[in-house]
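First up is the structure itself, then whatever we jot down about it.
Throughout, protein chains are lettered first and strands after them, A, B, ... in sequence-line order, and every chain is numbered starting at 1. As the structure is a computational prediction, the values presented were derived from the model and not from experiment.
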Amino acid sequence: MTELNSTDSAALIRLSAAELARKLAAGEVTSVEITQAYLDRITAVDGGPRGVNAFLHVNTEEALAVAAEVDAIRAAGGTAAAELHELAGVPIAVKDLIVTVGQPTTAGSKILEGWHSPYDATVVKRLRDAKMPILGKTNLDEFAMGSSTEHSAYGPTRNPWDLERIPGGSGGGSAAAVAAFEAPLALGTDTGGSIRQPGAVTGTVGVKPTYGSVSRYGAIAMASSLDQIGPVSRTVLDSALLHQVIGGHDPHDSTSLPDALEDLVAAARLGNVDGMKIGIIKELHGEGYQAGVENRFNESLELLKQAGAEIVEVSCPNFKYALGAYYLIMPSEASSNLAKFDGVRYGLRVLPEQGPLTIERVMGATRAAGFGDEVKRRIILGTYALSAGYYDAYYGSAQKVRTLIQRDFEAAFARADVLISPTAPTTAFKLGEKLNDPLAMYLNDVATIPANMAGVPGLSLPGGLADEDGLPVGIQLLAPARQDARLYRVGAVLEQLLEAQWGGPLLDRAPSLTDSLPAVAAAGAPSNHGGSH
Amino acid sequence: MIDATLSFEEAMEKYDPVLGFEVHVELNTKTKMFSSAPNVFGDEPNTNVNEVDLGMPGVLPVVNRTAIESSIKIGLALNCKIAETCRFARKNYFYPDTPKNFQTSQYDEPIAYDGHLDIELSDGTVFRVEIERAHMEEDAGKLTHMGGAAGRIQGADYSLVDYNRSGVPLVEIVTKPIQGAGSRAPELAKAYVAAVREIVKNLGVSDAKMERGNVRCDANVSLRPHGRERFGIRSETKNVNSLRAVEHAVRYEIQRHAAVLDSGEPVIQETRHWHEDTRSTTSGRAKSDADDYRYFPEPDLVPIVASREWVEELRATLPEPPAERRKRLQADWGYSDLEFRDVVNAGVMDEIEETIAAGATATVARKWWMGEIVGRAKNADVDPGQLGVKAETIVELNKMVEAGKINNKMAAEVLDGVLTGEGTPAEIVEKRGLAVVSDDGPLLEAIDAALAAQPGVADKIRGGKVQAIGAIVGGVMKATRGQADANRVRELILEKLGVQA
């Protein structure tokens, strides 16, 4: 094996998954070299008081073993080499909400500290089948409840663009890992925006697939009817490649769709939006959205128009109820899903300090000590919303709102092939800024929640940097259920147009995080953030 | 504390009982309701479990299709309507036998509803029990309380939990309030549960063993003064797990309620625990309709769609209902009511049917099963069917008797030989040298000797008292060590004495 010097290594980790896959297939690099380069990067930037803290667990030994296996198969040639998956040997990080054999799974909570799953999530099985080395488990808001990763019991993840800022949430760890070049790919979960909003604020790509497109088996449930696993990456094509690995029917998940996946990679490679109708959602921009976000959003519309798309405006009048209804359905389901964490069978068990050791008291003490404030807040909300006498007014009404949101989407998709909006109203805020203001925190997801409520797919891609703070802005694309391919088609075209303007990927302008690893393309990039004007 | 009771008769004079039953039937599917773990009784604790049954983080349920089919079959057998679509719900409560701390159950959308079951009582009347619903749910694990008295949770040091039963498919059958049974209420209770048990056994969807908890009954009892419309306050006696216990528990609760009402106190709405040893109930926890289980539709499962085609396909596979089958068999066989009831109570109806199918007449089949085999089973303390007597064996034995090769006494001996595994009837007859003495010569000699020994009897027979012949036949049989054909002996005696039979 050739030893890479630090410059080679720095270049390697900045390649997209598709490029890594091509180099591996061409024999230009080994999986061990790639995997080691990412592990080194994790060592360099993730730990310490000012580290990114994207990883809760680094899976060095197993990742390198899988990488070596892929290299050996490739070196031996023959059928086995020919049958290797396209992404074989390309490493990936997994959100710590998804269970893995051989590594701990904490869900970002003290209540599962040290717990090892006896089984693999279906998506993890599929990663293993594709022989993708798993670099480790990424940080998240406890049980995916939050929009900043500050609610992790293991400390917040920092945004690689500004270490004093949040990386979004709940999947801040996966987004930050990809943005900080600690992984080329990651898995996230998205219940109300937990893949897309972190993507937006870290300048990365994140996709929430159609509900049922990817098996949820092995993703620790927050809100079963809203949760969806999806890809996190630096390019639209990379997300399509990963979606293709993890997607498709799973008999272990009754809500998984029976249909075969569309060819998402082909859609990402199609390269045109000519004649497509793209709908601006009237209710998801303008008032309440940061000026820099609005500017980048308008630029993207302009680019798509120039590329031959027709821009139309659609109205989704019931979206204004989405956040309220979401904060009834999500906590209701969460209150039930999290009941199993009681100290009886696994995880933390805390005995009450005084008084008799009855099962109720042990359960109570365990949950009191094991859950953080945000989790408790949502369990209490949900328990209340489901209570006899309140059910119709709360959970029942929220389900009706859900139907109205679905109808809004149907009407909008009757007029447009794809809808577009900013992913989040603002760029990354400062750590601690909204921690004590739950409502302000919840508003981060105002644009992403409708997709979860209706089960439709959504993709966030970088739209440039906001003028006022130089931080990434996310553009969200939404498509009808089972039409995830449209997201990749439009997303890849928009990405190409934007990068042509920027003279390279947006992440080339992010801080290097290490003195020894200067940002590669900083020299050639335009000095003003995010746009040509 | 022992509760006061009135005598049953006094209670009946004053009050009118209203009953209601929740019968839980464990289905005998190969795997569990929502997981692929085996559904097997009696294995080592916590061996028939996987991550789903243990409620591990991240798991999801998948509905067992066979369990749905079984549930539909039960619904059809109870004359229910089958819902075109229905959903599961979550019943949320914290208890360590429930790994997810919610039970996945049907709530407001049962798979079967609005049925009825006609129950035949011992006086021959038929009582119709209306079925409110039959719904699917999963069983909980089993707790064993250690260190306390009598395995109860009170005073226990710790409890062990076995999740083998966790997730076993259950169908809960709920009646509407049963009114008008009067003093027949305890009998009706037993007969109803017996009928449900028979139905699920006949359908083949449950092992239906009450002693294993395959069929469990919660019995609701309330009393109201005669003539009053409004129901009284009910108690729910849990897990009454034998047919006799159902009858006794209902009777006891009627007597207890009557005493409470007589004292002027209100009946407390509560669950009661049945104690077989004292044949009484004790107070469980107070139960109110306001118990808040925070039901909501199970989001991890999609609705179950039972197409009409599927339901009709299942209906076509249903076996004949037990009550109809009994009527048909009794008519076919020509048994009297009493004879047939004895056959049913002895548990040999299926065996007699098989024996007739193998070529025996109904009379012969009944004679063998009721006359020979049931008694042997009782001595061996097993069910008659478990003795392993084949229908063909009986047919073969009977043919030998009819052909005069052996007599009834020998046949019984041969049957014993078959039961101890000596061989087929023919082999045993051969081996033991059994044969009816069919040469009349030796018989006539023996008859002469017998008549000479009992001259008075011979005279009686000549005088027309033919029934006295038994004493002479007996003497001949004794002399021939049982190897004579008694019918032939009888004929020869009558011939000899010149008497017409």
[X]-[Y] side chain donor-acceptor pair, cut-off 3.5 Å:
X: B:E172; Y: B:H24; result: yes
X: A:D250; Y: A:T122; result: yes
X: B:S159; Y: B:H145; result: yes
X: A:D190; Y: A:N452; result: yes

Below 4.5 Å from any heavy atom of chain B, which atoms of [X] appear? Answer side chain, backbone, both or neither.
X: A:Y391; answer: side chain
X: A:A121; answer: neither
X: A:S387; answer: both
X: A:F341; answer: side chain

Using a 4.5 angstrom heavy-atom cutoff, name the option from [options] with the most pairs to chain B.
options: A:G347, A:A219, A:S336, A:A221; value: A:S336
options: A:L97, A:I98, A:L226, A:T383; value: A:T383
options: A:I359, A:V99, A:L112; value: A:I359
options: A:D227, A:N337, A:T105, A:L338; value: A:N337
options: A:R216, A:K340, A:Q399; value: A:K340

Practice task
Below 4.5 Å from any heavy atom of chain A, which atoms of B:F102 appear? Answer side chain, backbone, both or neither.
Solution key: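 Side chain of B:F102 only, per the 4.5 Å heavy-atom cut-off to chain A.
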Problem - Interface moiety of B:Y163 toward chain A, non-hydrogen atoms closer than 4.5 Å - result: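 Just the side chain, heavy atoms under 4.5 Å.
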Practice task
In sequence, state the C-alpha distance, the side-chain angles, and the governing distance for B:N50 and B:S36, and then conclude on side-chain contact (heavy atoms from CB on, under 4.5 Å).
Solution key: CA-CA 8 Å; B:N50 65 21; B:S36 57; 3.6 Å; yes
Handout entry: Pair A:Y119 and A:Y217, ring centroids less than 6.0 Å apart
Key =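 Yes, the ring of A:Y119 comes within the 6.0 Å limit of the ring of A:Y217, centre to centre.
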Problem - Pairwise side-chain contact, B:N92 with B:N101, heavy-atom cut-off 4.5 Å (strictly under) - result: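 In short, these two side chains do not touch, never coming nearer than 4.5 Å.
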Practice task
Would you check if B:M33 and B:P61 make a side-chain contact, meaning some heavy-atom pair closer than 4.5 Å?
Solution key: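 Heavy-atom side-chain distance check fails, nothing below 4.5 Å.
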Handout entry: chain A contacts, top residue of B:V59, B:V63, B:L301 (heavy-atom pairs, under 4.5 Å)
Key =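 It is B:V59.
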